[in-house]
Amino acid sequence: MKSSYSARFILLFFVFFCNAQEKSPRLTVVLVIDQFAYHELQKLLPFFKGGIKFLHDNGIRYINAFHAHGMPETGIGHTTIGTATWAKDHGIIGNSWINEKGNLVLCDQDNSPHAAVFSPDGTYNFGVSPKNIMVDALSDQLRLNSFPHAKNTIFSISLKSRSSVGMAGRLGNALWFDTKTGNFTSSKAYFKELPAWVKIFNKERNIQNMKSYTWDLTYPKDDQAYQFYDLEDYEYTGVKRSWIGTHEINHNEKDPFLFFEKTPNANKLLLDFAHECLKTHITDNHNERFILWLSLSSLDLIGHVYGPNSLELIDMLYHVDNQLNKFIQSLSQYVPLQETLFVLTADHGVFPILETLKKRGIPFAHRMNADELIKVLNDGIEEKHGIKNAIAHFKMPCFYCSKEVCSSPRPRYNAIIEDIKKELMATPGIKAAWTYKELIQMPTLPRDLKQYYKNQLYHNRTGDIICQVQPYNYIDTYTSGTAHGTPYDYDTHVPLIVYQKGVHENKTIGTTVFTPQIGVTLAEILNVPRPSASTFDVLPGIITEKKLES
Ligand SMILES: [Zn+2]
């Protein structure tokens with residue numbers, strides 16, 4: 001009797017172990033499409049035929065996923081996904097901010113020689129590292145919880161360094177595209193020297209000697225997939241003509257590949273590079289896990305110029321859809337789909353070109369000129385308090401005061417801040433203005449948009465005054481094109497799909513979820529501790545081994 005119990009127990013254990021091993025993904029691919037707003041997925045879903053459609057139709061679809069930041073942007077979005085926390089914890093409050101000395105800091109900037117970026121003949125005189133990320137990332141936990149017999153290999157690849165770094169953390173391997181040379185590169189913060197396989201890829205692709213490149217439409221021009229309003233309205237776009245077609249590369253320019261990056265060719269190159277990365281590193285050892293963070297940046301780069309309703313942006317997404325289809329298929333020759341976990345999401349959304357929106361009948365849509373607004377504010381302060389250029393910097397949504405204002409006695413500083421706030425509140429299109437202290441002390445609920453701004457407060461990085469614009473309003477340093485940077489649905493609502501064949505599939509979840517939950521969910525699935533500062537729940541609808549046991 002006793003022995004049959006033991007036999008049954010051993011059998012059960014064996015079945016569970018085999019099941020667990022089968023279900024635990026050997027390969028995890030996190031696809032972050034930069035600026036892929038949920039409203040774009042809604043609009044174009046009927047026309048997707050490739051990888052986006054495949055993941056959408058087969059995966060767990062979170063239709064209410066949000067980046068709950070007041071100013072969603074690339075650096076903050078990717079770091080939030082990478083660290084499973086908001087900017088108030090990870091510290092990347094934007095792509096850049098003004099430091100205590102009054103200097104502009106790029107979020108991944110590091111001037112130490114230990115972070116020097118590799119150039120083809122040595123290193124550049126600037127550096128990139130994760131030093132400004134103030135918490136550990138999921139990539140760090142995955143590396144810390146590797147074993148000699150069961151390694152976790154982590155690569156983070158993007159066209160933009162800040163996206164790659166935000167997901168690689170300190171212990172992942174970050175790689176990105178160098179617009180000066182057309183090569184993939186990294187910095188000494190991640191590698192002693194550029195890995196041999198990267199050098200070989202760069203040499204074989206020989207992008208640096210490319211003379212021209214072509215962007216062809218995915219479908220015939222008269223296809224239903226292009227039947228939208230404002231499709232070829234170039235009145236308020238950053239470039240006043242279409243970008244579809246053939247372009248020569250001017251090698252005499254400082255960044256000759258800056259425009260190449262804004263085409264589907266760049267995403268294709270990135271996915272080929274990711275494929276090469278996987279081919280080089282994947283092993284037959286079933287105890288090893290490979291985590292690939294991929295950020296596809298071209299959509300954002302072209303979206304800023306042409307807006308979300310343009311032919312360029314829509315066709316870029318059709319290309320991404322096709323490219324992902326080929327990419328997903330190519331992965332299955334190394335790891336079966338049943339053992340590959342996919343996450344598809346975005347770092348932020350986008351709003352339409354505001355002038356075009358106004359033409360369409362939304363009268364309050366308005367782009368405020370940042371320089372003109374600051375001049376009005378500074379003139380008022382000079383007249384009343386006798387201080388010139390009281391606002392020294394503006395970086396949406398923060399106004400940073402000059403050293404003279406900041407070093408003034410507190411009553412005077414407070415009076416100046418109150419006057420700036422009063423003027424801002426009287427400006428059409430501005431909904432609210434707070435100081436750091438006011439905002440942090442304000443009672444809010446998690447779904448309150450004020451809470452989105454609180455999620456983004458970081459001492460000595462956030463400015464003296466934080467402002468919230470009204471919907472479809474923006475304070476811009478550019479006079480054309482569009483942006484993202486408000487707490488509204490169009491900027492913060494992003495697609496989120498989780499898919500592993502036979503494990504996580506075929507569900508629509510309407511519960512509101514937040515993007516830091518992605519990292520917590522991956523930690524749970526991959527059975528490593530979550531990033532330390534994260535207090536979020538696993539995404540609903542995900543059944544993990546831990547949940548099965550309990
Ligand atoms: Zn952007």
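We count ligands from 1, going down the list as the structure has it; atoms in each ligand are counted the same way.
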Flag for [Y]-[X]: side-chain donor and acceptor within less than 3.5 Å:
X      : Y      : value
Glu232 : Ser242 : no
Tyr226 : Asp315 : yes
His67  : Thr515 : yes

Quick one: does Asp136's side chain get under 4.5 Å of Thr83's, heavy atoms only?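 A side-chain contact under 4.5 Å is absent here.
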
Is there an N/O/S atom in His348 at a distance below 2.8 Å from the Zn ion (ligand 1)?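 It does not: His348 brings no N, O or S atom closer than 2.8 Å to the Zn ion (ligand 1).
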
With a cut-off of 2.8 Å, does Asp300 put an N/O/S atom close enough to the Zn ion (ligand 1)?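 Within the cut-off used here (under 2.8 Å), Asp300 does place an N, O or S atom near the Zn ion (ligand 1).
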
The Zn ion (ligand 1) to His304: nearest N/O/S atom name: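 When I compare the N, O and S atoms of His304, NE2 is nearest to the Zn ion (ligand 1).
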
